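All chains are named by letter (A, B, ...) in the order of the sequence lines, taking the proteins before the strands, and each is independently numbered beginning at 1. All figures in this text were calculated on a predicted structure; none of them were measured in a lab.
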2 protein chains.
Amino acid sequence: MARAGRPRTFDRTAALHAAMELFWRHGYEGVSMKMIETRLGLAPTSVYAAFGSKEALFEEAVELYDPDGDTLTDRALGLTGIRDSIEALLRDNAEAYVDPTTPAGCMLVLAAVNLGAGHDQVGERLARRRHRDAEKIRRRIERARAEGELPLGLDVDRAAALLVTILHGLSIQARDGYRRDQVLGIVDAAMLGWDALVRAAS
Amino acid sequence: MARAGRPRTFDRTAALHAAMELFWRHGYEGVSMKMIETRLGLAPTSVYAAFGSKEALFEEAVELYDPDGDTLTDRALGLTGIRDSIEALLRDNAEAYVDPTTPAGCMLVLAAVNLGAGHDQVGERLARRRHRDAEKIRRRIERARAEGELPLGLDVDRAAALLVTILHGLSIQARDGYRRDQVLGIVDAAMLGWDALVRAAS
DNA sequence: GGTATTCTGTAGTGACTGCTACATATATCG
DNA sequence: CGATATATGTAGCAGTCACTACAGAATACC
């Protein structure tokens with residue numbers, strides 16, 4: 001721990017929040033350290049002293065955006081009924097994607113789509129988080145099937161893949177300016193599809 | 001027209017193809033002119049003489065990828081039955097997204113997700129092409145409804161938005177390594193959803 | 001107070017960005 | 001042939017990238 005030394009003159013958490021929003025909106029390579037310094041009103045040395053490097057700062061920003069086990073997705077999948085779970089999963093995330101007080105879409109999907117050479121790790125780490133979320137959804141559906149809430153004939157992988165695909169697609173749609181009523185319309189239509197999937201398997 | 005002068009020593013069309021693939025795979029900002037020069041085996045001056053600028057080269061590459069009125073989407077929407085049209089739309093594009101001989105996903109969706117300052121036009125032009133494709137799909141569904149092939153109660157905007165969302169989501173899934181059988185499974189599930197949408201409206 | 005420790009601002013590092021001036025090479029046209 | 005026009009290769013432009021050496025400032029511990 002820090003035993004002595006000049007105390008930091010800025011709020012580290014607030015700075016991290018601001019950096020997260022920049023990365024969320026413009027992507028990893030779309031944000032320069034200069035932009036971060038300007039936005040935060042800090043000198044480069046202060047940023048590097050507090051966060052280490054651009055990659056480390058991005059990693060912290062991602063963890064702030066997607067905290068382990070405490071996301072909208074986690075809460076939705078924690079609901080008791082499987083249909084309520086799925087509907088909350090789609091609806092709550094869709095609403096977050098178009099929340100006008102935050103950047104559009106999902107940071108995990110949008111922040112590192114295309115990277116130059118030398119930043120493979122940045123993209124891979126986000127891909128791992130996306131995969132982890134997909135796995136959560138798949139396991140939730142599998143549990144519901146094991147508990148008799150869904151027909152045994154349901155193709156769990158395919159159902160989960162469709163939901164994840166729709167969520168990822170909604171991130172692009174949100175970036176393209178879709179509004180709340182439009183994404184919620186897509187969610188309603190997707191729920192009709194979910195019901196059809198379940199019905200077709202029984 | 002060129003009346004005289006030293007002739008070009010490389011194949012301009014082949015060079016454009018190679019550049020398109022680079023932009024498709026790595027995105028606009030993920031590709032440097034140096035990368036293009038190296039890949040094409042050309043000096044910077046030759047590239048600039050042939051294509052003008054990075055933005056102009058990108059624009060040509062996009063037009064090569066998405067030629068006006070001659071895409072998989074155009075051909076699918078040209079089929080006679082609306083269900084065949086929609087299924088071909090999803091299936092043919094999905095297969096193209098995971099074609100191992102080309103970069104994964106749709107270039108229009110992936111090549112300019114997040115841009116640094118000063119390249120707004122690049123992203124906006126791609127967004128316009130995405131919007132144009134979505135409009136094509138919407139109009140195809142509307143035509144089918146007007147011709148009595150679909151129930152009058154069908155929400156055309158919502159149905160089209162769901163399809164576009166799934167296509168855009170499939171681009172992300174393809175980037176995340178989904179294989180042919182997986183994306184085709186998603187297409188099958190989506191068609192169940194389409195049928196449910198149609199049924200619910202009648 | 002003295003010392004150790006940490007933060008802050010200036011000023012700059014080498015590497016890369018898209019792009020180009022310039023000289024030279026190679027073609028067509030008269 | 002000479003004149004004109006275009007392509008090519010070298011060498012380098014100003015600007016930005018992530019990052020840092022250095023000196024000074026502000027704290028805690030003794």
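- Looking at A:Leu170 and A:Asn93, their side chains never come closer than 4.5 Å, going by heavy atoms from C-beta outward.
- Between A:His168 and A:Thr165, the closest side-chain pair of non-hydrogen atoms is not below 4.5 Å.
- Here B:Arg132 pairs with B:Asp68 in a salt bridge; the nearest charged N to carboxylate O distance falls below 4.0 Å.
- Spacing between atom CG of A:Asp11 and atom P of C:dC7 amounts to 15 Å, rounded to whole angstrom units.
- The structure places CZ of B:Arg75 at 9.5 Å from OG1 of B:Thr73, a figure rounded to the nearest 0.5 Å.
- Between the P atom of D:dC17 and the CZ atom of A:Phe58 lies a distance of 17 Å, rounded to the nearest Å.
- Of the charged side-chain nitrogens involved, at least one lies within less than 4.0 Å of a carboxylate oxygen, so that B:Glu55 and B:Arg125 count as a salt-bridged pair.
- Between the CZ atom of A:Arg6 and the C1' atom of C:dT6 there is a distance of 9 Å, rounded to whole Å.
- Contact of B:Arg8 with D:dA7 (side chain to base): no donor-acceptor pair of N or O atoms is detected under 3.5 Å.
- Contact of the B:Val62 side chain with the B:Phe23 side chain is not registered, since no non-hydrogen atoms from C-beta on lie closer than 4.5 Å.
- Near DNA chain C, defined here as any heavy-atom distance below 4.0 Å, the residues from residues 24-56 of chain B are B:Val31, B:Ser32, B:Met33, B:Lys34, B:Pro44, B:Thr45, B:Tyr48, B:Ser53, B:Lys54, listed numerically.
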